[in-house]
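Each remark here refers to the structure printed beneath this line.
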Amino acid sequence: MPRREPSEEEVERRKIVGINAETITDVSSTDYPGVYPGEDHSWDLDKIRRTLQIEFHHNEPLLASFSLIGADASIANAFRRIMIADVPTLAIETVYIDNNTSVIQDEVLAHRLGLIPFRGGREGLDKFMKWYKKPDNGGGGDDDANTGYFDYNTVALRLSVECTHNEAAAPGETDPTKLYHHAHVYAKDIVFEPIGRQDQYFSGEDAIAPVHPDILIAKLRPGQEIHCTMHMHKGVGSDHAKFSPVATASYRLMPTIDILRPIIGADAEKFAKCFPPGVIGLEKVTRKEAARQGSGYEGHEGELKAVVRDPMRDTVSRECLRHDEFKDKVKLGRRRDHFIYQVESTGQWDSDAIFLEAVAHLKEKARRLEKQLLEMGC
Amino acid sequence: MSREQYQIPTGTQQSFTTGGGSGGREYGVESRAGIMHYICGDCAVRVPLEKDAPIRCQKCGARVLYKERTKRMVQFEAR
């Protein structure tokens, strides 16, 4: 069979997932060998090098949004899953409660403490802190219960609050926060206690501290107190969600909107209202367009026409497909190889660094797989 | 003897070895043999009760008494 190359137009067409009023078409990709006779779709590193693109839309410490263009869904999904479940963070793992006379139960308090996100010096978190391995002593005697804790795998924290009456409060005061000292226990009340070499890595700006100091942990009344120490360990999101470095990490496919036939005048304004603001723009029909025969703009010079401004903002609500006046005038779709990621960090990592770490993780996984395959010795 | 085992609070016995140094308050030192302390459900006062004594707060007369929280450190997994 003669080798042939598909036209650029055809390649573009194959990338689009069709979105109709009630159905979705062409969901799976077809750019692999054996789909189109005579075409070569074998895996090619050079081709990926040429076509793969990453574009950042915005990049703040707690929120990054970027496009990964030209990758397969399996790769894009792998990155997403690694970001959620495989990038390690430090979180409270054990709580030693000396006294807790508040109304919140010990278990619930411990659980709440575990979910608080902490930040600290990047170098210390990445390089200095290692995994904590639970000592394996089957059931465990008392002597071994506290072994295995070192400065490089455990961070100790302390929470000590007692609620007392505020003598200086104005008579008739009803606000508990003014009436009492420490009526509310916040994340900022947790104190970091460095051990060993930890003060080299976690001091000053780099100290281990809650990302959000105003997280409410418990409410107290006079006479109630909470005294506990906490141990933090490194962990991954697949073990417990508290270790996940992201609040959300998701992607969506780039929407496409094709206006097939002109939408003019009042219809254009209605069309723009079918989409989120900024997706559809309104422009005046120029004299040139109105003069061209068969363009659909004849005699409409100066009227407003609908143009696609920014399809990325579209939520693909398909509202425009519900109206008869837009029938056969618009085609909605999504680009199968254009992934718009949204990564929201919990604060321990910078949001863009989470993605880079995910890439490094996938690379490491591939390397490990390669080693295993070579060791199979076939 | 295991730390977790129940110990009858008597004056003759040594005070509890508190794990993790929970303030080092010693139980049973201030009280005579067989005296337990409870918390009054009404006025929240600490009520010492002897064996076979009527369950009643000496201060306000309430009949609902609560057990005191353990003086030992308690360990939890933050999960």
Side-chain angles (χ1 to χ4, degrees), chain A residues 89-118 132 134 139-143 145-146 149 154-160 162 190 217 221-233 235 237 239-243, chain B residues 1-11 13-31 35-49 55-79:
Chain A
T89 67
L90 205 60
I92 294 174
E93 172 68 0
T94 352
V95 182
Y96 303 95
I97 300 182
D98 289 324
N99 199 5
N100 167 29
T101 50
S102 72
V103 289
I104 185 161
Q105 298 92 328
D106 292 8
E107 301 77 338
V108 181
L109 178 71
H111 176 242
R112 285 177 74 77
L113 289 167
L115 294 172
I116 298 169
F118 282 82
Y132 168 74
K134 224 174 201 168
D142 281 352
D143 302 333
N146 284 315
Y149 295 123
T154 307
V155 170
L157 302 169
R158 176 153 198 87
L159 176 64
S160 245
E162 282 174 31
I190 298 174
I217 299 170
R221 283 298 175 264
Q224 297 179 348
E225 57 182 51
I226 294 176
H227 293 284
C228 60
T229 50
M230 292 151 269
H231 282 176
M232 301 175 88
H233 297 305
D239 179 32
H240 193 284
K242 69 184 174 189
F243 291 121
Chain B
M1 191 170 114
S2 170
R3 191 165 58 92
E4 301 306 320
Q5 209 169 334
Y6 178 70
Q7 292 165 316
I8 305 154
T10 55
Q13 204 187 8
Q14 287 296 307
S15 62
F16 292 136
T17 47
T18 48
S22 61
R25 273 185 280 174
E26 288 178 0
Y27 201 85
V29 166
E30 59 187 273
S31 59
I35 288 190
M36 287 282 285
H37 282 92
Y38 295 86
I39 309 281
C40 173
D42 261 16
C43 59
V45 83
R46 246 176 124 227
V47 187
L49 276 193
I55 299 167
R56 187 144 204 206
C57 172
Q58 278 103 337
K59 203 177 162 209
C60 68
R63 291 186 189 277
V64 177
L65 300 180
Y66 292 105
K67 227 176 164 72
E68 277 195 319
R69 190 197 155 95
T70 176
K71 294 284 185 295
R72 292 178 194 162
M73 179 270 289
V74 201
Q75 178 179 346
F76 288 94
E77 274 195 322
R79 274 161 196 266

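Numbers restart at 1 for each chain; the letters A, B, ... are given by sequence-line order, proteins then strands.
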Residue, of A:Ala110, A:Ala91, A:Gly114, that accumulates the most heavy atom pairs under 4.5 Å with chain B
A:Ala110
Counting only pairs under 3.5 Å, give me each side-chain donor-acceptor contact of residues 57-66 of chain B, with atom names and distances, residues two or more places apart or in other chains.
from	atom 1	to	atom 2	distance (Å)
B:Gln58	NE2	B:Pro48	O	3.2

Tell me if a side-chain donor or acceptor on A:Thr101 pairs with a main-chain N or O of A:Glu225 at a distance below 3.5 Å.
yes
With under 30° as parallel and over 60° as perpendicular, where do the rings of A:His240 and A:His111 fit, or are they tilted in between?
perpendicular
Fit a plane to each ring of A:Tyr96 and A:His231, take the angle between them on a 0 to 90° scale, and name the class: parallel (under 30°), tilted (30 to 60°) or perpendicular (over 60°).
perpendicular
Heavy-atom distance under 4.5 Å to chain A: side chain of B:Arg69, backbone, both or neither?
side chain
Give, as side chain, backbone, both or neither, the part of A:His227 having an atom under 4.5 angstrom from any heavy atom of chain B.
neither
